[in-house]
Amino acid sequence: MNKIQKVAHWVVSSIADDLRSNTISNIVGMATGGIGNGVRAYKAATTGFTMLERKVASETAKGAAKGAVAGYFAGSYVIGSMNKVAAVEKWFDSTKVGKAIDNGITKVENKLHKLIGGGRY
């Protein structure tokens, strides 16, 4: 396994572990960032010089995706430190929905490890 594969495996595992342990926090952060950036991108795509081609839907989707990623990272650090949220996260992980989400994250993680290759996953 080369260095790039090792780093890629580490990144995939780290993000998957974080998503499993902070499911609610990450969903809230991603939704907040995605909605906020999507609205800003929509407004930007629908205003301005009218002779230019407007790609409203794709620009809105790009903005939402960028905001979701930013919200994920911001939410991970800010909300992750709160004790009340940690208690809710622990409870949520024991519910049927929480277990199903965690199992889905694990399946995606394993598929990504297989795509990266270079080891047994």
Side-chain angles (χ1 to χ4, degrees):
M1 181 178 337
N2 63 37
K3 273 188 170 183
I4 294 173
Q5 286 174 316
K6 285 181 184 179
V7 170
H9 284 300
W10 178 80
V11 168
V12 167
S13 294
S14 296
I15 291 175
D17 290 342
D18 180 61
L19 287 171
R20 276 191 292 269
S21 62
N22 300 311
T23 308
I24 294 175
S25 303
N26 291 331
I27 289 171
V28 169
M30 291 169 75
T32 303
I35 291 169
N37 245 27
V39 168
R40 279 193 299 273
Y42 175 81
K43 286 180 181 177
T46 56
T47 58
F49 191 59
T50 56
M51 296 291 288
L52 298 174
E53 180 182 351
R54 294 179 192 222
K55 298 177 182 175
V56 176
S58 65
E59 291 302 317
T60 302
K62 284 182 200 175
K66 289 177 186 175
V69 170
Y72 164 76
F73 287 111
S76 297
Y77 295 109
V78 174
I79 299 175
S81 64
M82 299 169 62
N83 289 332
K84 289 182 180 180
V85 173
V88 172
E89 292 284 357
K90 188 174 181 180
W91 166 81
F92 182 74
D93 286 342
S94 66
T95 65
K96 258 186 179 180
V97 174
K99 288 178 185 178
I101 290 171
D102 288 349
N103 289 340
I105 292 168
T106 302
K107 286 179 184 178
V108 170
E109 177 188 17
N110 291 336
K111 287 180 182 181
L112 289 172
H113 281 305
K114 286 180 183 178
L115 285 172
I116 294 167
R120 290 182 291 166
Y121 288 97

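Quick caveat: nothing in here was measured; it's all calculated off a predicted structure.
- Here the NZ atom belonging to K99 is positioned 13.5 Å from the OG1 atom belonging to T23, to the nearest 0.5 angstrom.
- In this structure S21 satisfies the side-chain hydrogen bond (donor to acceptor under 3.5 Å, both in side chains) test with no other residue, sequence neighbours excluded.
- Taking Ile, Leu, Val, Met, Phe, Trp and Tyr as members and joining any whose side-chain heavy atoms lie under 4.5 Å apart, directly or through other members, the hydrophobic cluster of I116 also contains V12, V108, L112, L115.
- Atoms CD1 and CD1, on I105 and I15 in that order, are 11.5 Å from each other to the nearest 0.5 Å.
- Tracing side-chain contacts under 4.5 Å through hydrophobic residues (I, L, V, M, F, W, Y), one never reaches I4 starting from V11; they form parts of separate clusters.
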After noting the C-alpha distance and the side-chain angles of Q5 and N2, does the key distance pass the side-chain contact (heavy atoms from CB on, under 4.5 Å) rule?
-> CA-CA 5 Å; Q5 286 174 316; N2 63 37; 3.3 Å; yes
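- Between H9 and G117, the shortest heavy-atom contact is NE2-O, 2.7 Å.
- The side-chain hydrogen bond (donor to acceptor under 3.5 Å, both in side chains) search around D17 returns R20, not counting sequence neighbours.
- Distance alone, capped at 3.5 Å, places no donor-acceptor pair between the S13 side chain and the W10 backbone.
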